[in-house]
Amino acid sequence: AYVESDFNPSVRSSAGALGIMQLMKSTARDVGVDPSMRKDPNKNVQGALNYIVKKLPLYLEKDMENQNFNKGKIRWRNLTAEQKIRLQLYSYNMGARAAVTGKGRSGRFHKGLSSFDNIEDFFDHLKSYYLRKAGYDYSLKALNFARKFKKFSASFFDPSESPKAE
């Protein structure tokens, strides 16, 4: 939310994305959020989470499992869980099609995943891009937050995972 809107629920991008997580109208509809409710922080964040967790992996898997994609060098099914999450976070920011092919909505080309022999080289490319553009790699910050939240929520919801009293 910080990267997308600086937590401002009224922010509108030049492309028409709106709200804390910058949902486009079509994306909002696709994840069950009334497009007119995109300024509602709860609905906006829930819609973005539904997209990142449920829809985005389907789009990425479909593109990456295509017989012609990257001559078979990188496949969704061969990625680790952490690599999938990181790719989903990058893809949320730039768009799934742009992340995979390098061709964004504007028709501009950058190095997409299809230009690389392995996923880590792609991540290194994006990391250096975001370091130049924003001064930090937001996907690593988000991933570290997700790790901390997962650890916290596991101990909160599963008593067997909670720290033992000494």
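Note that the numbering runs from 1 along the sequence shown for the chain.
- Classified by interplanar angle (parallel below 30°, tilted 30° to 60°, perpendicular above 60°), the ring pair Tyr51/Tyr59 is tilted.
- Rounded to the nearest 0.5 Å, atoms NZ (Lys55) and CG (Leu49) are 14.5 Å apart.
- Between the CG atom in Leu56 and the NZ atom in Lys84 there is a gap of 12.5 Å [rounded to 0.5 Å].
- When all heavy atoms of Pro41 and Ile20 are compared, the closest pair comes out as CB-CD1, 3.5 Å.
- When side chains are defined from C-beta on, Arg38 does not count as touching Lys43, because their heavy atoms never get closer than 4.5 Å.
- The distance from the CG atom of Leu126 to the CG atom of Asp121 is 11.0 Å, given to the nearest 0.5 Å.
- Cluster annotation: Leu23 is not connected to Met37 through the hydrophobic network of ILVMFWY side chains, with a link wherever side-chain heavy atoms come within less than 4.5 Å.
- No more than 12 heavy atoms of other residues, nucleotides or ligands shown are found within 6.0 angstrom of NZ on Lys62.
- Using a 4.5 Å heavy-atom cutoff, the side chains of Trp76 and Leu87 are in contact.
- No option in Asp40, Asn44, Val45 other than Asp40 meets the side-chain contact (heavy atoms from CB on, under 4.5 Å) test with Asn42.
- Between Glu120 and Phe123, the closest side-chain pair of non-hydrogen atoms falls below 4.5 Å.
- Heavy atoms only, all atoms of each residue included: Ile119 and Leu113 are closest at CD1-CD1, 3.7 Å.
- Atoms CG and CD, on Leu79 and Glu61 in that order, are 10.0 Å from each other to the nearest 0.5 Å.
- Contact record, Pro9 with Lys39: CB-O, 3.4 Å, taken as the closest heavy-atom pair.
- Closest approach of His125 and Ser128 over heavy atoms only: O-OG, 2.9 Å.
- A heavy-atom distance below 4.5 Å is not found between the side chains of Gln46 and Val33.
- Tyr92 contributes atom OH, which lies 7.5 Å from atom OG1 of Thr27 (distance to the nearest 0.5 angstrom).
- Side-chain contact between Arg77 and Met64 is absent, with no heavy atoms from C-beta onward closer than 4.5 Å.
- With hydrogens and angles disregarded, no donor-acceptor distance shorter than 3.5 Å links the side chain of Ser5 to the backbone of Met21.
- In this structure, the separation between CD on Gln22 and CG on Asn8 is 9.0 Å, given to the nearest 0.5 Å.
- Looking at every heavy atom in both residues, Gln88 comes nearest to Pro57 through NE2-CG, 3.3 Å.
- Contact record, Thr80 with Gln83: N-OE1, 2.9 Å, taken as the closest heavy-atom pair.
- Criterion: ILVMFWY side-chain heavy atoms under 4.5 Å apart, direct or through other members. Under it, Leu60 and Phe116 are part of a common hydrophobic cluster.
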